[in-house]
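Since the model is a prediction, treat every value here as computed from it, not as a measurement. Every chain is numbered from 1 and lettered A, B, ... according to where its sequence line falls, protein lines coming before strand lines.
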Amino acid sequence: MPRRYWLMKCEPAAYTIEQLARDGTCGWEGVRNYQARNFMRDDMQVGDGVLFYASNADPSGVTGLAEIARAGYPDPFAWKKGHKYFDAASTPDKPIWYTVDLKYVATFPGIVPLEQLKETPGLDQMMVVRKGSRLSVQPVTKAEYDIVVKLGKRAKPAA
DNA sequence: GCCAACGTTGGC
DNA sequence: GCCAACGTTGGC
């Protein structure tokens with residue numbers, strides 16, 4: 001099974017690549033979208049590469065790299081009454097929502113802004129550059145992943 | 001904070 | 001099963 005590649009969005013207010021660097025690993029709980037759920041539950045494998053994307057940021061863009069440390073498993077937060085991720089329809093017997101664990105890989109020296117992704121040849125098919133693309137877990141091709149990694153290594157630190 | 005785009009819900 | 005209303009996402 002060849003390694004796959006993903007882009008995962010998170011608002012900096014919730015979690016950042018710097019926090020992941022400190023924590024080493026993290027759970028990606030709280031995804032409540034069926035398409036994203038399906039990717040996590042059905043397709044993600046340990047070792048898959050992840051572009052860590054900061055959404056609703058200034059600017060938004062890819063801030064670093066991670067990899068899948070644990071493949072899809074039921075999101076335990078869906079069972080925590082009172083928690084904001086609680087969903088009464090999801091039970092341990094019949095879980096609805098799934099999550100994965102990420103492992104820290106690298107922090108780019110600077111962000112790769114969405115604007116740069118949009119103007120980079122070879123990335124025009126990426127979901128994230130499409131208008132109105134709200135999906136928080138997206139597949140990317142190896143070619144796209146490699147290009148973004150190259151951009152990331154050359155990214156300039158914020159002034 | 002605005003608002004366009006999108007997903008989900010619920011009445012019928 | 002349609003579709004209007006509503007809620008959320010996320011760039012700007």
Test log, rule side-chain hydrogen bond (donor to acceptor under 3.5 Å, both in side chains), inputs A:Gln125 and A:Arg130: CA-CA 8 Å; A:Gln125 295 300 312; A:Arg130 304 260 178 86; 3.1 Å; yes

Can you measure A:Arg37 atom CZ to B:dG7 atom C1' for me and round it to whole angstrom units? 14 Å

Test ring pair (Phe, Tyr, Trp, His ring centres under 6.0 Å), reference A:Trp28, set A:Trp97, A:Phe77, A:Phe52, A:Trp6, output is A:Phe52

Give me the one residue out of A:Ile68, A:Asp48, A:Asp23, A:Leu65 that meets side chain to side chain contact (heavy atoms under 4.5 Å, CB included) with A:Leu102. A:Ile68

Looking only at side-chain N and O atoms, does A:Lys131 come under 4.0 Å of OP1 or OP2 in B:dA4? no

Nearest-angstrom distance from the residue atom CG of A:Asn33 to P of B:dG7: 8 Å

Counting only side-chain nitrogens and oxygens, does A:Lys9 get under 4.0 Å of the OP1 or OP2 atom of C:dT8? no

Which is more 5' along DNA chain B, the nucleotide nearest A:Arg32 or the one nearest A:Asn56? Just name the residue. A:Asn56

For a quick test of reading the model: is some side-chain N or O of A:Ser60 closer than 4.0 Å to OP1 or OP2 of C:dG10? no

Nucleotide B:dC6, atom P - distance to CD of A:Gln138 in whole Å: 13 Å

Report the distance from atom CZ of A:Arg130 to atom C1' of C:dT9, rounded to the nearest whole Å. 18 Å

C:dG11, OP1 or OP2 - any side-chain N/O from A:Tyr53 closer than 4.0 Å? yes

To the nearest Å, give me how far apart CE (A:Met127) and P (C:dG10) are. 13 Å

Counting N and O atoms only, with roles assigned by atom type, does the side chain of A:Ser90 sit under 3.5 Å from a partner on the main chain of A:Asp87, one being a donor and the other an acceptor? no

Whole-Å gap separating P (B:dG1) and CG (A:Asp58): 15 Å

Between atom CZ in A:Arg134 and atom P in C:dC6, what is the gap in whole Å? 17 Å

A:Glu115 CD to C:dG10 P, in whole Å, measures 19 Å

Of B:dG7, C:dG10, B:dA5, the nucleotide closest to the side chain of A:Gln35 is B:dG7

Count the heavy atoms belonging to other residues, nucleotides or ligands that lie under 6.0 Å from CD of A:Gln19, then report whether that count exceeds 12. yes

